[in-house]
Amino acid sequence: MSSDPIQLYGLGREGLAEALAPLDLPAFRIRQVFAALYRRDCLDPAHWTDWPLALRQEIARRFVIARPRIAETRSAPDGTIKALVDLPGGGQVEAVAIPAERHVTFCISSQVGCAFGCTFCMTARLGFRRHLEAGEIVGQVAALRALTAASRETYNIVYMGMGEPLHNLQNVLESLKILSDELGPDLPPRRVTVSTVGLPPGIRALARLPRPPRLAVSLVTADEERRRELMPVARKYALEELAEAVREYGRGRRDRPTLEAVLLEGVNDRPQDARAMVALARAARAKVNLIEFNPTPELPFRPAPEERIEAFLRTLAQGGVVGTVRRSRGREVDGACGQLAFRRRAPGTP
Ligand code: SAH
């Protein structure tokens with residue numbers, strides 16, 4: 001009976017040691033494989049020229065080493081690039097590179113589709129298809145790095161693409177370990193942000209990592225009733241438990257967790273919403289990031305008017321809460337927050 005060859009890309013140090021055990025390699029060879037995969041992005045054993053030829057051939061014969069590949073890209077005038085990514089395990093996700101003056105942010109996906117059904121998000125409309133493997137997550141970073149020629153020092157990662165990272169907990173944790181490994185990309189945890197709809201058990205699991213990333217929670221509103229209407233997940237976890245998990249996460253860290261709120265006109269941009277947000281942010285010891293809503297004809301919401309955004313920020317400041325605004329990037333290519341849903345423009349439109 002023959003079985004499918006084992007896919008090495010996505011395995012951590014332990015997984016590699018286990019998979020390669022039949023070859024009886026010394027430990028340094030395992031470390032070399034890890035570095036080839038995740039630091040050097042050199043996936044073809046034929047190019048591991050410091051290895052004996054027979055060994056390279058044996059690796060190539062017994063294993064598959066495949067990472068996600070970019071199928072197609074679209075560039076927005078502001079330099080944002082949305083990439084459609086083919087996954088080794090089948091199917092596609094979107095990933096986005098968002099350049100700023102001195103660095104570039106890679107926004108990566110953790111699932112094909114999403115199970116959470118947030119009413120203002122296009123990805124929700126796809127429904128849930130599957131979890132990504134750790135290698136399908138880490139490999140998006142490698143693919144975007146190759147695309148943008150970003151050096152190791154100049155990129156950040158946000159788990160804010162398609163899917164809910166803490167719903168795919170084990171694979172996301174594994175991907176974080178690989179990304180922060182000193183033999184791999186060696187990304188400092190402060191340059192990695194995991195954004196969640198707000199799953200307290202997942203937040204607590206994230207906090208137990210040796211090098212926990214930054215945490216962002218898509219609170220959207222501190223009005224419990226409204227939150228339940230906008231985000232079905234809020235029916236499962238009360239705001240109080242969520243605030244407590246966020247506060248715990250921030251304990252002993254220098255960087256405070258962030259509460260994100262995509263501001264929808266007349267829904268969560270009112271003065272009382274800002275006041276409720278102050279109270280919650282203080283309870284959670286968090287800062288607040290207001291997100292410009294990216295409207296689409298399919299969704300029954302409008303972006304909050306500029307003066308509402310500014311009034312919201314003033315209320316936060318008066319309440320002693322650090323508040324910022326995330327201006328929309330990449331909207332022209334449907335690459336902005338909440339827009340990742342494989343949509344194509346009709347041919348001929350700009
Ligand atoms: N599931 C994770 C990560 C994906 S969403 C999470 O919910 O955090 C990333 C961010 O985009 C979230 O803060 C979400 O509230 C925001 N978002 C969703 N739809 C949006 C839209 N149409 N316009 C702007 N932001 C949106």
Side-chain angles (χ1 to χ4, degrees), residues 1-71 83 85-93 95 106 108-112 129-147 150 152 155 157 159 161 163 165 168-187 192 209-211 213:
M1 228 178 73
S2 76
S3 53
D4 288 341
I6 297 175
Q7 152 78 296
L8 293 184
Y9 196 88
L11 297 179
R13 291 201 201 200
E14 285 161 26
L16 284 178
E18 209 176 293
L20 296 168
L23 274 62
D24 209 17
L25 300 173
F28 80 93
R29 290 280 182 219
I30 311 286
R31 291 195 295 271
Q32 285 178 337
V33 174
F34 188 91
L37 266 48
Y38 308 120
R39 174 176 287 260
R40 300 199 288 121
D41 196 32
C42 178
L43 309 193
D44 183 353
H47 296 147
W48 303 352
T49 46
D50 49 345
W51 281 46
L53 184 61
L55 200 49
R56 288 188 253 157
Q57 287 169 338
E58 189 167 9
I59 299 264
R61 197 172 56 241
R62 296 171 77 133
F63 302 101
V64 176
I65 306 178
R67 70 152 165 82
R69 296 280 160 195
I70 293 177
V85 178
D86 285 332
L87 300 168
Q92 295 177 316
V93 287
F106 297 147
I108 58 173
S109 295
S110 55
Q111 299 176 320
V112 185
R129 303 199 192 161
R130 71 173 174 94
H131 294 305
L132 296 199
E133 299 292 335
E136 293 176 324
I137 299 171
V138 170
Q140 291 170 61
V141 176
L144 289 175
R145 274 194 67 180
L147 179 75
R152 201 163 72 77
Y155 68 98
I157 297 176
Y159 285 67
N168 184 11
L169 190 61
Q170 285 320 313
N171 295 340
V172 163
L173 292 179
E174 189 64 38
S175 71
L176 289 164
K177 277 190 209 153
I178 292 173
L179 288 169
S180 68
D181 196 296
E182 58 191 19
L183 285 183
D186 195 20
L187 258 187
V192 181
L209 277 175
R211 303 176 76 189

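In this structure, the separation between CG on Leu176 and CG on Asn171 is 11.0 Å, given to the nearest 0.5 Å. Taken from CD in Glu174 to CG in Leu179, the straight-line distance is 10.5 Å, to the nearest 0.5 Å. Distance CG/Leu16 to CZ/Arg31: 12.5 Å, rounded to 0.5 Å. Trp51 CH2 to Glu58 CD: the interatomic distance, rounded to the nearest 0.5 Å, is 10.0 Å. Between atom OH of residue Tyr159 and atom CD of residue Gln111 there is a gap of 12.5 Å, rounded to the nearest 0.5 Å. Remark: Asp44 CG to His47 NE2 distance equals 5.0 Å, nearest 0.5 Å.
Across all non-hydrogen atoms, the minimal contact from Tyr9 to Ala66 is CB-O, 3.4 Å. Shown here for Pro68 and Gly139, the closest heavy-atom pair between the two residues is CD-CA, 3.5 Å. Taking all atoms of both residues into account, the shortest heavy-atom contact from Gly163 to Pro165 is O-CD, 3.5 Å. What you find for Leu8 and Tyr38 is that their closest heavy atoms are O-OH, 3.7 Å. Nearest heavy atoms, Ile30 versus Arg13: CG2-O, 4.1 Å. Residue Gly10 comes nearest to Ile178 through the heavy atom pair O-CD1, 3.6 Å, listed as atom of the first residue, atom of the second, then distance.
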Side chain to side chain contact (heavy atoms under 4.5 Å, CB included) between Ser110 and Val172, intermediate numbers included: CA-CA 7 Å; Ser110 55; Val172 163; 4.0 Å; yes
Pair Glu136-Arg130, salt bridge (Lys or Arg N to Asp or Glu O under 4.0 Å): steps then yes or no: CA-CA 12 Å; Glu136 293 176 324; Arg130 71 173 174 94; 2.9 Å; yes
Residue pair Arg67, Leu37: steps toward the side chain to side chain contact (heavy atoms under 4.5 Å, CB included) verdict: CA-CA 9 Å; Arg67 70 152 165 82; Leu37 266 48; over 6 Å; no
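Contact check for Val85 versus Ile108: no side-chain heavy atoms found under the 4.5 Å cut-off. Within the 4.5 Å cutoff, the side chain of Arg62 has heavy atoms near those of the Leu23 side chain. When side chains are defined from C-beta on, Phe63 does not count as touching Pro5, because their heavy atoms never get closer than 4.5 Å. Counting heavy atoms from C-beta outward, Ile65 and Pro45 have side chains that approach closer than 4.5 Å. Between Tyr155 and Arg145, the closest side-chain pair of non-hydrogen atoms falls below 4.5 Å. The closest side-chain heavy-atom distance from Trp48 to Cys42 is below 4.5 Å. A heavy-atom distance below 4.5 Å is not found between the side chains of Leu187 and Val141. In this structure the side chain of Val112 never reaches within 4.5 angstrom of the side chain of His131, judged on heavy atoms.
Taking 4.0 Å as the cut-off between side-chain N and carboxylate O, Asp181 and Arg39 do not count as a salt-bridged pair.
In this structure, a donor-acceptor pair under 3.5 Å is present between the side chains of Asp86 and Gln92.
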